[in-house]
Engineer: 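Pasting a structure here, questions to come.
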Amino acid sequence: MKIKALNGFKDIVPGEVELWQKVENTARDIFSRFNFSEIRMPILEKTDLFARSIGEATDIVEKEMYTFVDKQITMRPEATASLLRAYIQHGLHVQKPIQRLFTIGPMFRHERPQKGRLRQFHQMDVEVLGTPNPRVDAELMAMGAMLLEELGISVSLEMNSLGCPVCRPGFRETLLAFIDERRDELCDDCKRRSKTNPLRVLDCKNPKCREQVEEAPSIQEHLCDDCDEHFASVQKGLQDLDVEYSLNKFMVRGLDYYTRTTFEFITGDLGAQAAVGAGGRYDGLVEKLGGPKIPGIGFALGMERLVLLLQQQEEVKIDSGQVDIFVAGLGEKASEFAFPLVHILRQNGLLTVMDHEGRSLKSQMKQANKVNSRFVLIIGENELEQGQAVLRNMANQEQQEITIQSNNNEMASSLLQRCQQ
RNA sequence: GUGGGUGUAGCUCAGUUGGUGGUAGCACCUGGUUGUGGCCCAGGAGGUCGUGGGUUCAAGUCCCAUCACUCACCCCA
């Protein structure tokens, strides 16, 4: 084989795509129960959009974006920036003060692929624009939990507050002072991080660093009054909805735009990729992108990760579409008669299969069995002569005769009746 | 970008100290029933042994390079 898919890019073939459909269908169902509307955006955007929203200094923008340098165009590495761009461009905030939107699609990041992480990956992204209400934070987390539960995926929900422009700078200083005291004990990555993004030192995986930051100041104790009240209200909301969660003062997000509430749905079954979904509030982002001062919150679910988890489960039953009727034509004459009949059955809504390869009846019966067909209609030279085709019920092996009519529509309707019993 | 592991049929894998690629399983096709599925049985088809060099009388096997896959780091959904 000469040409293969690119490294980090995957085909989703029949047999696997059914799981994707299950994930997507379940999500659409839940999202609509929560009154979310779908929005679809282009995959290409101006590079600047992502630099401004995600942050110039983040790894995503610095080294992971697929960019057409000469045109200053980038394939989106995440959905929120594009979604907000569309939201602002179309004045959706004017049409409705509070917008509840979701989008599903591919994202692109030039990272080294590994389990649960590809260069083209797929996210389901949910955003609520136009309200700072902490109840919405809780509602969103509850929706994520509901979706995962409905899929049969068990995760834990962890949350934190990152404060806001009022209180975070102060905390940052406090944390920096703490880090500086034990800089020598930290790993090289953390030494670097302490300069670029000190908060990230908190969620380093290195055991030595973990030990060091164990006693680190908690942002939860350095929130300003507004953020503190918001944080408490979110938790109250979660409790009201019986959503299980735990607080994680070490949880930091990688994107610059987050404020206040951040959360992750975590699993232990995906190796290094613990987060199947994550998000948070971004109250300054719309304004930063040139829109009005409008608060927002959202989260994304990684579809590859959800599908992997479903595949790991013992028995995931996929009900592959059952075939209603398999039409077995024997010989050229019979096949020629059956060909248009099959078309009319399909026009009438029956999932109909016909083999065009001139195989033996036995072979066609095997195929019918394999595609799980409920009925087989046998039409051979004999049947044509006698004017009676045979309809076999594959489940109970009963066979009945069907009068062959020159008018295909009449024959189709009599087949329809029998197949629908 | 860095490090480890792995590349043999569509898939899962055997392959000894180098000596002709496997009666292997699943899947596929045909037959066992001149026209009736699942189970069973028989047969068949399917391979540049990732690619390119090298060592050797001889390389799937040893050496080098390269590509791909994979896991992990970084980072993230």
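Only this structure's heavy atoms are used, side chains among them; waters, hydrogens and symmetry mates stay out. Proteins get letters first, then strands, A, B, ... in listed order; numbering begins at 1 in each.
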Engineer: Return no unless some side-chain N or O of A/Ser363 is found under 4.0 Å from OP1 or OP2 of B/U30.
Structural biologist: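 Checking A/Ser363 against B/U30: at least one side-chain N or O falls below 4.0 Å of OP1 or OP2.
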
Engineer: Using a cut-off of strictly less than 4.0 Å, decide whether A/Arg112 has a side-chain nitrogen or oxygen near OP1 or OP2 of B/C71.
Structural biologist: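 It does not, given that no N or O in the side chain of A/Arg112 lies less than 4.0 Å from OP1 or OP2 of B/C71.
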
Engineer: Please report the distance, rounded to the nearest Å, between CD in A/Glu158 and P in B/A77.
Structural biologist: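 After rounding, the gap between these two atoms is 15 Å.
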
Engineer: Just to confirm, is there a sub-4.0 Å distance from OP1 or OP2 of B/C67 to any side-chain nitrogen or oxygen of A/Asn7?
Structural biologist: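 For B/C67, neither OP1 nor OP2 has a side-chain N or O of A/Asn7 closer than 4.0 Å.
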
Engineer: Is there a side-chain contact between A/Arg359 and the phosphate of B/U30, meaning an N or O under 4.0 Å from OP1 or OP2?
Structural biologist: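 The answer is yes; a side-chain N or O of A/Arg359 sits under 4.0 Å from OP1 or OP2.
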
Engineer: Between B/U61 and B/G7, how far apart are the C1' atoms? Round to whole Å, please.
Structural biologist: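 It comes out at 14 Å once rounded to the nearest Å.
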
Engineer: Any side-chain heavy-atom pair from A/Met411 and A/Ile404 closer than 4.5 angstrom?
Structural biologist: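 When only atoms from C-beta onward are counted, A/Ile404 and A/Met411 do touch, with a gap below 4.5 Å.
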
Engineer: With P as the reference atom in both, quote the distance from B/U55 to B/U2 in angstrom, rounded to an integer.
Structural biologist: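 Taking atom P in both B/U55 and B/U2, they lie 31 Å apart.
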
Engineer: Show every donor-acceptor pair shorter than 3.5 Å between a side-chain atom in residues 376-387 of chain A and any protein atom, with sequence neighbours excluded, or say none if there are none.
Structural biologist:
{"from": "A/Glu383", "atom 1": "OE1", "to": "A/Gly380", "atom 2": "N", "distance (Å)": "2.9"}

Engineer: Tell me: CG of A/Asp355 to C1' of B/C29, nearest whole Å?
Structural biologist: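 From A/Asp355 CG to B/C29 C1': 12 Å.
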
Engineer: Taking only N/O atoms, report every protein-nucleotides 34-37 of chain B pair under 3.5 Å with atom names and distance.
Structural biologist:
{"from": "B/G35", "atom 1": "O6", "to": "A/Asn382", "atom 2": "N", "distance (Å)": "3.2"}
{"from": "B/G35", "atom 1": "O6", "to": "A/Asn382", "atom 2": "OD1", "distance (Å)": "3.4"}
{"from": "B/G35", "atom 1": "O6", "to": "A/Asn382", "atom 2": "ND2", "distance (Å)": "2.5"}
{"from": "B/G35", "atom 1": "O6", "to": "A/Glu383", "atom 2": "OE1", "distance (Å)": "3.2"}
{"from": "B/G35", "atom 1": "N1", "to": "A/Glu383", "atom 2": "OE1", "distance (Å)": "2.8"}
{"from": "B/G35", "atom 1": "N1", "to": "A/Glu383", "atom 2": "OE2", "distance (Å)": "2.8"}
{"from": "B/G35", "atom 1": "N2", "to": "A/Glu383", "atom 2": "OE2", "distance (Å)": "2.7"}
{"from": "B/U36", "atom 1": "O2", "to": "A/Arg392", "atom 2": "NH1", "distance (Å)": "3.4"}
{"from": "B/U36", "atom 1": "O2", "to": "A/Gln399", "atom 2": "OE1", "distance (Å)": "2.9"}
{"from": "B/U36", "atom 1": "N3", "to": "A/Gln399", "atom 2": "OE1", "distance (Å)": "2.9"}
{"from": "B/G37", "atom 1": "O2'", "to": "A/Asn369", "atom 2": "ND2", "distance (Å)": "3.2"}
{"from": "B/G37", "atom 1": "N7", "to": "A/Arg392", "atom 2": "NH2", "distance (Å)": "3.0"}
{"from": "B/G37", "atom 1": "O6", "to": "A/Arg392", "atom 2": "NH2", "distance (Å)": "2.9"}
{"from": "B/G37", "atom 1": "O6", "to": "A/Met394", "atom 2": "O", "distance (Å)": "3.3"}
{"from": "B/G37", "atom 1": "N1", "to": "A/Met394", "atom 2": "O", "distance (Å)": "2.4"}
{"from": "B/G37", "atom 1": "N2", "to": "A/Asn369", "atom 2": "OD1", "distance (Å)": "3.3"}
{"from": "B/G37", "atom 1": "N2", "to": "A/Met394", "atom 2": "O", "distance (Å)": "3.2"}
{"from": "B/G37", "atom 1": "N3", "to": "A/Asn369", "atom 2": "OD1", "distance (Å)": "3.3"}

Engineer: Give a yes/no on whether any side-chain N or O of A/Lys115 is located under 4.0 angstrom from OP1 or OP2 of B/G5.
Structural biologist: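 Indeed not, no polar side-chain atom of A/Lys115 lies that close.
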
Engineer: Is there a side-chain contact between A/Trp20 and A/Glu304 (heavy atoms, below 4.5 Å)?
Structural biologist: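 SC-SC contact between A/Trp20 and A/Glu304 confirmed.
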
Engineer: Taking atom C1' in both B/G47 and B/G4, compute the distance separating them and give it to the nearest angstrom.
Structural biologist: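 The same atom, C1', in both gives a distance of 30 Å.
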
Engineer: Go through the steps for A/Phe31 and A/Phe102 under the test ring pair (Phe, Tyr, Trp, His ring centres under 6.0 Å), then give the verdict.
Structural biologist: CA-CA 8 Å; A/Phe31 294 163; A/Phe102 77 90; 5.0 Å; yes

Engineer: Quick one: A/Arg119 CZ to B/C74 C1', roughly how many Å, whole number?
Structural biologist: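 The distance from CZ of A/Arg119 to C1' of B/C74 comes to 14 Å, rounded to the nearest Å.
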
Engineer: Answer whether the closest heavy-atom distance between the side chains of A/Met141 and A/Tyr245 falls below 4.5 Å.
Structural biologist: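 Heavy-atom side-chain distance check fails, nothing below 4.5 Å.
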
Engineer: Rounded to whole Å, how long is the line connecting atom CG of A/Leu199 with atom P of B/C75?
Structural biologist: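 In whole Å, B/C75 P lies 13 Å from A/Leu199 CG.
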
Engineer: Between the base of B/C75 and the side chain of A/Arg117, is there a donor and acceptor pair under 3.5 angstrom?
Structural biologist: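 By the distance-only test, yes, there is a pair.
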
Engineer: Could you state the interatomic distance from OG1 (A/Thr261) to CG (A/Leu162), rounded to the nearest 0.5 Å?
Structural biologist: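 Going from OG1 on A/Thr261 over to CG on A/Leu162, the span is 9.0 Å.
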
Engineer: Heavy atoms, side chains only, cut-off 4.5 Å: are A/Phe326 and A/Met394 in contact?
Structural biologist: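 When only atoms from C-beta onward are counted, A/Met394 and A/Phe326 do not touch, as no gap falls below 4.5 Å.
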
Engineer: Mind calculating the distance between CD (A/Glu264) and C1' (B/C76) to the nearest angstrom?
Structural biologist: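 Between C1' of B/C76 and CD of A/Glu264: 9 Å.
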
Engineer: CG of A/Leu186 versus P of B/C74: gap in Å, rounded?
Structural biologist: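 Value for this atom pair: 14 Å.
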
Engineer: Mind calculating the distance between CZ (A/Phe9) and P (B/A68) to the nearest angstrom?
Structural biologist: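 In whole Å, B/A68 P lies 13 Å from A/Phe9 CZ.
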
Engineer: Return whichever of A/His110 or A/Leu6 has its heavy-atom-nearest nucleotide of RNA chain B closer to the 5' end.
Structural biologist: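 Whichever sits nearer the 5' end wins; that is A/His110.
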
Engineer: Give RNA chain B the dot-bracket treatment, 5' to 3': Watson-Crick (N1-N3 with N6-O4 or O6-N4) or G-U (N1-O2, O6-N3) under 3.5 Å, [ ] crossing, | other strand.
Structural biologist: (((((((..((((.....[..).))).(((((.......))))).....(((((..]....))))))))))))....

Engineer: With distance as the sole criterion, do the side chain of A/Arg305 and the base of B/C76 form a donor-acceptor contact below 3.5 Å?
Structural biologist: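 Looking at the base of B/C76, it does pair with a donor or acceptor on the side chain of A/Arg305 (distance under 3.5 Å).
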
Engineer: Can you tell me the distance, in whole Å, between the CG atom of A/Leu83 and the P atom of B/A77?
Structural biologist: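 Computing the A/Leu83:CG to B/A77:P distance gives 16 Å.
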
Engineer: Could you tell me whether the side chain of A/Ile325 reaches within less than 4.5 Å of the side chain of A/Leu391, counting heavy atoms only?
Structural biologist: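 SC-SC contact between A/Leu391 and A/Ile325 confirmed.
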
Engineer: Taking OP1 and OP2 of B/A72, is either one under 4.0 Å from a side-chain nitrogen or oxygen of A/Gln114?
Structural biologist: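 So the side chain of A/Gln114 is within the cut-off, an N or O lying under 4.0 Å from OP1 or OP2 of B/A72.
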
Engineer: Quick one, A/Glu64 and A/Pro77 - any side-chain contact, counting heavy atoms below 4.5 Å?
Structural biologist: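 Not in contact.
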
Engineer: Side chains of A/Asn7 and A/Pro113: does their closest heavy-atom pair fall under 4.5 Å?
Structural biologist: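 Sidechains of A/Pro113 and A/Asn7: in contact.
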
Engineer: Say you pick atom C1' in B/A24 and the same atom in B/A14; how far apart are they, in whole Å?
Structural biologist: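 Straight-line distance between the two C1' atoms is 7 Å.
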
Engineer: Between A/Glu64 and A/Ala5, name the one whose nearest nucleotide on RNA chain B is closer to the 5' end.
Structural biologist: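 Counting from the 5' end, the first nearest nucleotide belongs to A/Ala5.
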
Engineer: With a 3.5 Å cut-off and no angle check, do the side chains of A/Glu127 and A/Tyr282 form a donor-acceptor pair?
Structural biologist: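 Result is yes, a qualifying pair exists.
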
